[in-house]
Amino acid sequence: MDYAIARRRMVERHIKGRGITDPRVLEVMEQIPRHLFVEDALRSQAYGDYPLPIGHKQTISQPFMVASMTEALQLKGDEAVLEIGTGSGYQTAVLSQLARKVYSIERIGELGRQSRRILDRLGCINVNIRITDGTVGWEDAGPFDAILVTAGAPDLPMEYLRQLVTGGRLVIPIGDRHVQTLTRFTLKPDGKVSREKLFECRFVPLIGSQGWEDE
Ligand code: SAM
């Protein structure tokens, strides 16, 4: 299988074709080898527009979702970004090419370590990964220009807003355990917070002290 051709087709059909316009996002998604972030048996499916299992009841997000969430962060290239939910590390790799520094938190040790190995192999040296509960953010590394949460939260953990710079964007799925609304919060210069509902989505739950209980 020619992965480069499959990747180009994925970007044309499922990302550009569904309305993503940020040229930097499109370019990076055409470059990052998503097939390296899934197990060997799933590689032939890596450029389909759907999530895939990565073990521990978790998933690598659908490419269109990765593109949409990334575009919603409005990155220009010089930002410090906090990501909650490293998972496979694929979204982390995308962010690493679009921002200055990425701090990513994963609660499942094995996933965090496996991501680290792949990101090292790809030369993503601007990524720090921490294995812990990310619902309280990463205070000593902040404040962040953008925060992306890639698991569904019952509500907005307030600590994220405290770790955002003025003008910073926070993108997070909020809802119940099964269906959420992807929501963007922006911290305004007057200290107010704007809240935009982007679209409906389905993520695995954000589990932790400021999220859902582990079942
Ligand atoms: N963006 C990832 C990718 O493309 O591979 C997918 C992330 S997956 C949908 C959500 C991840 O969030 C899972 O790996 C899960 O273990 C992690 N997660 C859930 N609650 C968390 C928490 N409180 N802190 C850190 N990670 C958490």
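In this chain, residues are counted from 1 in sequence order. Just follow the structure's listing: the first ligand is 1, and inside any ligand the first atom is 1.
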Engineer: Using a strict 4.0 Å cut-off to heavy atoms of Thr59, name the atoms of ligand 1 that fall inside it.
Structural biologist: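 Answer for ligand 1: 5 (O), 6 (C), 7 (C), 8 (S), 9 (C).
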Engineer: Identify which of Glu106, Gln58, Glu110, Lys57 has a heavy atom lying nearest to atom 14 (O) of ligand 1.
Structural biologist: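 Among Glu106, Gln58, Glu110, Lys57, the closest heavy atom to atom 14 (O) of ligand 1 comes from Glu106.
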Engineer: May I ask you to decide whether Arg117 forms a salt bridge with Asp120, counting only side-chain N to carboxylate O separations under 4.0 Å?
Structural biologist: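 Asp120 and Arg117: not salt-bridged.
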Engineer: What protein heavy atom is closest to atom 4 (O) of ligand 1, reported as residue, atom name and distance in Å?
Structural biologist: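 Going atom by atom, the protein heavy atom closest to atom 4 (O) of ligand 1 ends up being Ser61 N, 3.3 Å.
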Engineer: Do we see a donor-acceptor contact under 3.5 Å between the side chains of Gln163 and Glu159?
Structural biologist: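 There is such a pair (donor and acceptor under 3.5 Å, judged by atom type) between the side chains of Gln163 and Glu159.
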Engineer: Identify the closest protein heavy atom to atom 5 (O) of ligand 1: which residue and atom is it, and at what distance?
Structural biologist: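 Checking every protein heavy atom, the shortest distance to atom 5 (O) of ligand 1 gives Ser88 OG, 2.5 Å.
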Engineer: Which of the atoms in ligand 1, numbered in the order shown and given with their element, are less than 4.0 Å from a heavy-atom of Pro205?
Structural biologist: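 Answer, ordered by atom number: 19 (C), 20 (N).
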Engineer: Which protein heavy atom lies closest to atom 21 (C) of ligand 1, and at what distance to 0.1 Å?
Structural biologist: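 Sorting protein heavy atoms by distance from atom 21 (C) of ligand 1 puts Arg107 CD, 3.4 Å first.
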Engineer: Which ligand 1 atoms are under 4.0 Å away from a heavy-atom of Ile108?
Structural biologist: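 Those atoms are 16 (O).
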Engineer: Hey, which atoms in ligand 1 end up nearer than 4.0 Å to a heavy atom of Leu111?
Structural biologist: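 Those of ligand 1 that fall under 4.0 Å from Leu111 are 14 (O).
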Engineer: List ligand 1 atoms under 4.0 Å from Thr135, heavy atoms only on the residue side.
Structural biologist: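 Here the atoms of ligand 1 in question are 23 (N).
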Engineer: Is any side-chain N of the basic residue among Glu30 and Arg8 closer than 4.0 Å to the acidic one's carboxylate O?
Structural biologist: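 Counted as a salt bridge, because a side-chain N and a carboxylate O are separated by less than 4.0 Å.
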Engineer: Considering Gln210, Arg202, Gln91 one by one, which has a heavy atom nearer to atom 1 (N) of ligand 1 than any of the others?
Structural biologist: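 Of the listed residues, Gln91 has the closest heavy atom.
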Engineer: So, is Asp133 polar-close to ligand 1, with some N/O to N/O distance under 3.5 Å?
Structural biologist: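 Indeed, backbone or side chain, Asp133 has an N or O that close.
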Engineer: Please determine if Ile207 has a nitrogen or oxygen closer than 3.5 Å to a nitrogen or oxygen of ligand 1.
Structural biologist: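 Yes, there is a polar N/O contact under 3.5 Å.
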Engineer: Take every heavy atom of Pro51, measure it against each atom of ligand 1, and state whether any distance is under 4.0 Å.
Structural biologist: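 No, Pro51 has no heavy atom closer than 4.0 Å to ligand 1.
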Engineer: For Tyr3, enumerate each residue passing the ring-ring contact (aromatic ring centres under 6.0 Å, His included) test, keeping only those at least two apart in sequence or located in another chain.
Structural biologist: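 With sequence neighbours excluded, Tyr3 shows a ring-ring contact (aromatic ring centres under 6.0 Å, His included) to His35, given in chain and number order.
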Engineer: If you compare all heavy atoms of Leu206 against all heavy atoms of Ile84, which two are closest, and at what distance to 0.1 Å?
Structural biologist: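 Closest approach of Leu206 to Ile84, heavy atoms only: CD1-CG2, 3.8 Å.
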Engineer: With a cutoff of 4.0 Å, is Thr92 in contact with ligand 1, counting heavy atoms of the residue only?
Structural biologist: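 Thr92: no contact with ligand 1 (<4.0 Å).
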Engineer: List ligand 1 atoms under 4.0 Å from Gly134, heavy atoms only on the residue side.
Structural biologist: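 By the 4.0 Å cutoff, the relevant atoms are 22 (C), 23 (N), 24 (N), 25 (C).
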Engineer: Considering the heavy atoms of Thr150, write down every atom of ligand 1 situated less than 4.0 Å from one of them.
Structural biologist: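 Answer, ordered by atom number: 1 (N), 7 (C), 8 (S), 9 (C), 10 (C).
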Engineer: With side-chain contact (heavy atoms from CB on, under 4.5 Å) as the test, pick out the partner of Arg107 among Thr132, Ile207, Asp133.
Structural biologist: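 The passing option is Ile207.
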Engineer: Please could you name the atoms of ligand 1 that Ile60 approaches to less than 4.0 Å, counting only its heavy atoms?
Structural biologist: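 Every atom of ligand 1 under 4.0 Å from some heavy atom of Ile60: 3 (C), 4 (O), 5 (O).
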